2 protein chains.
Amino acid sequence: MNVTLKDIARKVGYSVTTVSRALNDYDDVNEETKQLIKRVAQEMGYHPHVIAQSLQRRRTNTVGFIVPATDRYLSDPYFLELLAGIGDGAAGYDFDLLVSTCKPMDPKEHLVYERMVKGRRVDGIVVARTRCDDERIAYLVSEGFPLIAFGRITSDLDFPYLDVDGEKGVCEAVEYLIGLGHRRIGFISPSMYLMFAKHRLDGYRRALQDNGLELDLALVVEGNLTQAGGHQRMEQLLDLEEPPTAVITGNDLMAFGAMEAAQERGLVVGRDVAVIGFDDVPLAAHFRPTLTTIRQPIYDIGKMLSQMLIKIIKGEELAERQIILQPELVIRESSGVG
Amino acid sequence: MNVTLKDIARKVGYSVTTVSRALNDYDDVNEETKQLIKRVAQEMGYHPHVIAQSLQRRRTNTVGFIVPATDRYLSDPYFLELLAGIGDGAAGYDFDLLVSTCKPMDPKEHLVYERMVKGRRVDGIVVARTRCDDERIAYLVSEGFPLIAFGRITSDLDFPYLDVDGEKGVCEAVEYLIGLGHRRIGFISPSMYLMFAKHRLDGYRRALQDNGLELDLALVVEGNLTQAGGHQRMEQLLDLEEPPTAVITGNDLMAFGAMEAAQERGLVVGRDVAVIGFDDVPLAAHFRPTLTTIRQPIYDIGKMLSQMLIKIIKGEELAERQIILQPELVIRESSGVG
DNA sequence: CTCGACGTCCGAAACGTTTTGGATCTTTCG
DNA sequence: CGAAAGATCCAAAACGTTTCGGACGTCGAG
């Protein structure tokens, strides 16, 4: 049904070997026969059987990405952009992208990774949203399997990663708020098992300390990265004896929820209370009020991730095995006027 | 380096055949040997080489999905949800998901499909966002390749699909607006080469006709499905001699843009002008004002799509080869109070 | 006792490629 | 003229699995 090398060989009267080598442009086949074979292959509608090639070459030309879907919804627009970046970056090298979804910390998460690795379904894996103590990375490193991580981890395992300097980003945001006169600044953190939560909290701490403000632990709460989580935690902060006049959240989605919670209490965001998010998802610029946020170029990060990974797969040396990008504070309405 | 059947065979002293059959639970192998082989396989950390299996079984257990990424951004949250649905639906059958991105109507789009089909990378393909005259579907049908489409097409080609009754949805929305007293209702349509644009426009037309309103072509404009497109087209509508008092858009993203455009002119959406979207993406409920929209359950649709596709791949009969789901009008603030 | 059935196992071929290690023939050059 | 060098080709093995067809021994029925 499908044209194979054997079919072409029979047709042109050469061996399978020669046909294969002709199509792969080896130079130990006569130029004329090469042209002939290529023409016939074209005419017969030949396309290489990618699976057979993979088996023989021990290379699938595919990278894997397991989306940590939190539940029914991949609520975070973040991941689609990351995915698009990874996919496009891979496509630039003629690599495909194999996607699975799995709830983070699900006991069968390990099986999903194992299937990709041991089944040799992919040549390398992109690990996103690193955890402080990340068994996924530990596993891949111990298997000697090519990986690239988006995010660091606490242990000093050596592996290639790309990360955004969340500490610096939050630090700048806090200092910006302090500059606006805020003294009680809340922080809605992502779950602390996530590495980037730690970095961002560090930035929060450092900024307070550098500016002689005391850390009030009541102002630091832990949300779940969803809009609903932001909403809930914001209410908790507003219920305090001395509520904060400004709040920084672990991602934009929680910022959206926090702004809603404030608005429901009749507060005007940007005047009565300032809110700053993290990510700069496309909607941040369009929410009412528009969201001041710490921008990280997610699509580009995705693209860089797959490019780095493919270099590793191909055995090329990486110019930089560990990259830290600087985020950028994007000032809009939700933080009030400067 | 990786454990193969041969390694196990050598270890237990049986043939590769027997090991294979034991692990696949054939009943022509002694129960005790079967247990022994399974245990040893487990101990040695055996995992089947998926690629080799695919080659032999002529089955990849993988479905393909090509995201029609419009440009740098997969701006539409829609696709991530669809993707998650497809991925989870497939995972339920132990199928993987291979994702590519390609700009719609890009000349090399065909190559992307061809690569998946002819390279036998996948067992079936999900085609989303059908076009009136869809060469992708024509191609897959002509190749006899398993496919499932999200959306119909104009020709009467027979292929399995799932679609949402956009005509009915828009029709109901228009009638709802008419019930609120609106007489000049604008329609920001997606590009007309998209099949769902046609259906939705049909619904718009039918509702007007059924209610004795005349169709004013100046009120129908064509946007590009992005926020910016909605913004631009809304301005165009508001610039008319007799601007509309209500506008329906082809998707939520355009509705967001349209609302912005109205707000920038000092109009209060929901009072001065009504806006209704289509999709009900997660953010529709959180935008200011919250968006009245025609809801289609995207995640569930994705899940159904891959489930139907996998049934087709397995050669099972589909209870229904063509399914039309009914959308639901979700009334929120942007359409004004009833 | 013989025959067929059954239970258990295995060799070899196959899936569609790529690669290794020559084979064969022609050309070139001392 | 002989040998080395070069050009062009190919058979066979390999990648890791599944499956086809049969082999071999044992056991129960006739």
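All of these numbers come straight from a predicted model, not from anything done at the bench. Residue numbers start from 1 in every chain, and the chains themselves are labelled A, B, ... in the order their sequence lines are given, proteins ahead of strands.
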- line: B:T17 has its side chain closest, among D:dT19, C:dT17, D:dG16, to D:dT19
query: Ignoring hydrogens and angles, does a donor from either the side chain of A:S15 or the base of D:dA11 sit under 3.5 Å from an acceptor on the other?
result: no
- request: Give the rounded distance in Å between these two atoms: CD of A:Q56 and P of C:dT20.
  value: 9 Å
task: Figure out the CG/P separation between A:L5 and C:dT18, and round it to whole Å.
output: 6 Å
Closest to side chain of B:L55, choosing from D:dT18, C:dC15, C:dT17: C:dC15
field: Quiz item: A:Q53 side-chain donor-acceptor pair to C:dT17 base, under 3.5 Å
entry: no
- prompt: Within this structure, what is the CG-to-C1' distance between B:D7 and D:dT17, rounded to whole angstrom?
  reply: 13 Å
- prompt: Are OP1 or OP2 of D:dA11 and a side-chain N or O of A:Y14 less than 4.0 angstrom apart?
  reply: no
- request: Please name the residue in the list B:T62, B:I51, B:L98 that meets the side chain to side chain contact (heavy atoms under 4.5 Å, CB included) test with A:T62.
  value: B:L98
message: Using whole Å, what does the distance between atom P of nucleotide C:dC10 and atom OH of B:Y26 come to?
response: 16 Å
message: Whether B:R58 contacts C:dC15 is assessed here as follows: a side-chain N or O lying under 4.0 Å from the phosphate OP1 or OP2. Is that the case?
response: no
message: List the residues meeting ring pair (Phe, Tyr, Trp, His ring centres under 6.0 Å) with A:Y139, not counting sequence neighbours, and say none if there are none.
response: A:H110
- prompt: Side chain of B:A52: nearest nucleotide among C:dC9, D:dT17, D:dC15?
  reply: D:dT17
task: State whether a side-chain donor-acceptor pair under 3.5 Å links A:Y193 with A:D133.
output: no
- request: Would you tell me whether B:T17 and B:S20 have side-chain atoms, one donor and one acceptor, within less than 3.5 Å of each other?
  value: no
- prompt: How close or far is atom C1' of C:dG16 from atom CD1 of B:I51, stated in whole angstroms?
  reply: 13 Å
message: Under 4.0 Å between a side-chain nitrogen and a carboxylate oxygen: does that hold for A:R131 and A:E109?
response: yes
- request: Find the distance B:K6:NZ to D:dG16:C1' and express it as a whole number of Å.
  value: 9 Å
- request: Look at B:N24 and D:dT18 and indicate whether a side-chain polar atom (N or O) is within less than 4.0 Å of OP1 or OP2.
  value: yes
message: I want to confirm an ordering. Mapping B:V19 and B:R57 to their closest nucleotides on DNA chain C, which one lands closer to the 5' end?
response: B:V19
query: If each of B:R21 and B:H49 is mapped to the nucleotide of DNA chain D with the nearest heavy atom, which maps nearer the 5' terminus, i.e. the 5' end?
result: B:H49
message: Heavy atoms from C-beta onward define the side chain here; which of D:dC10, C:dT18, C:dC15 lies closest to that of A:T18?
response: D:dC10
message: Taking only side-chain N and O atoms of B:T4, does any of them lie within less than 4.0 angstrom of OP1 or OP2 on D:dG16?
response: no
- prompt: For D:dT17, does OP1 or OP2 lie under 4.0 Å from any side-chain N or O of B:S20?
  reply: no
field: Between D:dA5 (P) and A:D28 (CG): distance, integer Å
entry: 19 Å
- prompt: Are A:R10 and A:D7 close enough for a salt bridge, meaning some N to O gap below 4.0 Å?
  reply: yes
query: Rounded to the Å, how far apart are A:I37 CD1 and C:dT17 P?
result: 14 Å
task: Tell me whether the OP1 or OP2 atom of D:dC9 has a side-chain N or O from A:T33 closer than 4.0 Å.
output: yes
- prompt: Within the structure, does a side-chain N or O atom of A:N30 lie under 4.0 Å from either OP1 or OP2 of D:dA7?
  reply: no
